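First the proteins, then the strands, lettered A, B, ... as listed; each starts at 1. Bear in mind the structure is a predicted one, so any value in this text is a computation, not a measurement. Hydrogens, waters and symmetry mates are skipped; everything else that's a heavy atom, side chains included, is used.
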Protein chains: 2
Amino acid sequence: MASPRKAAPAPRIRLNRERVIAAAIVLADTGGLEALTMRRLGDDLNVEAMSIYNHVANKDDLINGMADAIFGEIELPSHSDDWKSAIRKRSISFREVLARHPWATTVRDSGTNPGPATLRHHDRVIGTFRNGGFSVEKTAHAFSAVDSYIYGFAMQEKSLPFTTPEETAAMAAIMLAQLPRAEYPYLAELTADHVLQPGYYYGDEFLVGLDLVLDGLATMRDTDRHPGSQPPHSRAASRP
Amino acid sequence: MASPRKAAPAPRIRLNRERVIAAAIVLADTGGLEALTMRRLGDDLNVEAMSIYNHVANKDDLINGMADAIFGEIELPSHSDDWKSAIRKRSISFREVLARHPWATTVRDSGTNPGPATLRHHDRVIGTFRNGGFSVEKTAHAFSAVDSYIYGFAMQEKSLPFTTPEETAAMAAIMLAQLPRAEYPYLAELTADHVLQPGYYYGDEFLVGLDLVLDGLATMRDTDRHPGSQPPHSRAASRP
DNA sequence: CACTTTGCCTTACGACGTACACGTAACTGA
DNA sequence: TCAGTTACGTGTACGTCGTAAGGCAAAGTG
């Protein structure tokens, strides 16, 4: 029985940061951030909880790593598209990623110590605006406006107690039944005449708001208040 | 020793839901949601942790109550203003409230079981759009777009590692020094030429994006795709 | 005044993040 | 090939968390 020498009872694949982060993401995707505990994560990895600490400094570091991994999933804006469709595509991708990983909306990492994927993503988005003719200042406006919208939308979407159109209709009917209509007539109207209509799906709102923001940015770009300086050495970050 | 009868060592004010929620908000404002523990809250209220459970069902209920209280702080859209300035004012107020209570951005309550202040707020905002000439469907678009933007902006603002312009400049200088400029040229440019400029304050971005969204909504309102039905009995929710 | 209700306190439990000490497996260079 | 070193998984333990259960005293009610 067993091989002649090296009678390894089980090869036991070693742990590493990537495996830890990947398993943590799966866990958080399934049960939310609160389901992510070091012990459960250890179970999933066939390892004791404390072993994880050989690969991440602490739970915060783990979550930062997860957040950066998520950023890596977002489709970067294409160099070949014009700025608007490049940003539009990556924004749609961004929302999809946040919908896939709802816990990521609440993670504060990005601002404090962004990882390489996050930095790369930001650099590419900023570069897309700059090369699209936005001044530095307008780029800051644009970046803030678009990403605020996306984050906020993802958060609202996540906090809804339903996802599919069927669930939506069911939940909305219940909520409407409980709602004092005399007290909240407009809310009742919106629920009855819009949310409860067949085929309603909150996610469809995303593109409406996104295009509204993008059109606004296009107008802002061409409104002269700050003539707009030259983008920096435009070839630096090329090569996809 | 002590008074003849009723030797009350201290009158000991009774607890109630409002006092609990108010103290919890102060705690969360100071140290974030993670500083809010039942024991610490008890200390602040001169009470044992378990006593709190006579006034809230559990910690989630407490947080929901906090969220609803926060909504009550937001200035409702005025009936006398036109829709745009009414929404603009309440949006600015909304952001101020979220900046004052950063923990509130992450609370998921609103969607699942909103409190009375939340419902009232939503009803008034929806009503403002309806009476401003938005169809039911366009009202849904508008509501989603504006609130997504506000939530997202508040979240980004909160996640920045600085608040005042001085802090901003200091932090930005440090981050810029650590940033591989060759790898992230656009990010470096934005930081150096914009964020590091004297007087830069991220909060100023808010109005830029907000007005962009509001202008977009005004355009959308007047674009005919759905003629727009009549608002429901317009006098229902009057009286400020 | 007795009786009921309300609300605060004490104790206790299981789950959490993680410090610390220990052992063993994997790698290193002679 | 093998001793020495480093890397990594384990076991135990501590302090903190949310909160269930039960007791007891104050407030409200007849």
Side-chain angles (χ1 to χ4, degrees), chain A residues 2-25 27-28 30-67 103 106-109 112, chain B residues 2-25 27-28 30-67 103 106-109 112:
Chain A
S3 54
R5 45 230 224 68
K6 290 174 153 201
R12 194 160 64 169
I13 18 160
R14 309 271 303 265
L15 226 49
N16 60 51
R17 191 167 221 267
E18 286 65 43
R19 286 220 307 133
V20 169
I21 288 177
I25 289 176
L27 233 175
T30 319
L33 261 195
E34 73 215 62
L36 173 63
T37 74
M38 300 307 270
R39 287 172 233 258
R40 261 197 283 265
L41 181 55
D43 278 358
D44 287 6
L45 291 162
N46 288 312
V47 128
E48 296 301 313
M50 286 308 294
S51 304
I52 298 167
Y53 287 92
N54 285 311
H55 307 278
V56 300
N58 49 46
K59 199 180 179 182
D60 269 5
D61 178 39
L62 169 62
I63 292 177
N64 284 354
M66 293 163 67
W103 50 267
T106 67
V107 174
R108 59 231 165 282
D109 161 55
T112 55
Chain B
S3 54
R5 53 235 220 59
K6 293 174 152 201
R12 193 160 66 170
I13 17 159
R14 309 271 303 267
L15 225 50
N16 61 51
R17 192 168 221 264
E18 286 66 43
R19 287 220 305 132
V20 169
I21 288 177
I25 289 175
L27 232 175
T30 321
L33 261 196
E34 71 214 64
L36 173 63
T37 73
M38 301 307 269
R39 286 171 233 261
R40 262 198 281 268
L41 181 54
D43 278 356
D44 287 6
L45 291 163
N46 288 312
V47 129
E48 296 302 315
M50 285 310 292
S51 303
I52 298 166
Y53 287 92
N54 286 307
H55 306 277
V56 300
N58 50 46
K59 198 179 179 183
D60 269 5
D61 178 40
L62 169 63
I63 292 177
N64 283 354
M66 293 164 66
W103 50 268
T106 66
V107 174
R108 60 231 166 278
D109 161 54
T112 55

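Here B:Asp60 pairs with B:Arg108 under the salt bridge (Lys or Arg N to Asp or Glu O under 4.0 Å) rule; sequence neighbours left out. Evaluation of the salt bridge (Lys or Arg N to Asp or Glu O under 4.0 Å) rule for A:Asp61 yields A:Arg17 as partners, not counting sequence neighbours. For B:Asn16, the side-chain contact (heavy atoms from CB on, under 4.5 Å) partners are B:Glu18, B:Arg19, not counting sequence neighbours. Listed by chain and number, the residues in a side-chain contact (heavy atoms from CB on, under 4.5 Å) with B:Asp44 are B:Leu27 (sequence neighbours excluded). Residues passing the side-chain contact (heavy atoms from CB on, under 4.5 Å) test with B:Arg39 are B:Thr37, B:Ala49, sequence neighbours excluded.
Here C:dC9 presents its C1' atom at 15 Å from CG of B:Leu45, a figure rounded to the nearest Å. Taking atom CZ of B:Arg17 as the reference point, atom C1' of C:dT6 lies 17 Å away to the nearest angstrom. Per the geometry, CG belonging to A:Asn54 stands 5 Å off C1' belonging to D:dC8, to the nearest Å. What separates CG of A:Asn46 from C1' of D:dT10 is a distance of 14 Å, to the nearest Å. In this structure, B:Asn16 atom CG and C:dG7 atom P are separated by 10 Å, rounded to whole Å. Rounded to whole Å, the distance from CG on B:Leu15 to C1' on C:dC9 is 13 Å. Put simply, CD1 on B:Ile52 is 11 Å from C1' on D:dG18, counting in whole angstrom units. Here the C1' atom of nucleotide D:dG18 and the CD1 atom of B:Ile63 are 11 Å apart, to the nearest Å.
Contact between the side-chain N/O atoms of A:His55 and the OP1/OP2 oxygens of D:dA7 is not found at any separation under 4.0 Å. At least one side-chain nitrogen or oxygen of B:Ser51 sits closer than 4.0 Å to the OP1 or OP2 atom of C:dC9.
Atom CH2 of A:Trp103 is separated from atom CD of A:Glu34 by 14.0 Å, given to the nearest 0.5 angstrom. Note that the CD1 atom of B:Ile52 and the CG atom of B:Leu41 stand 4.0 Å from one another [nearest 0.5 Å].
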I'd like to compare against my own output: the B/S/- annotation of nucleotides 11-21 of chain C with a strict under-4.0 Å heavy-atom distance to protein.
B----BBBBB-
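If you check C:dG7, D:dT10, C:dC9 against the side chain of B:Glu48, the one that comes closest is C:dC9.
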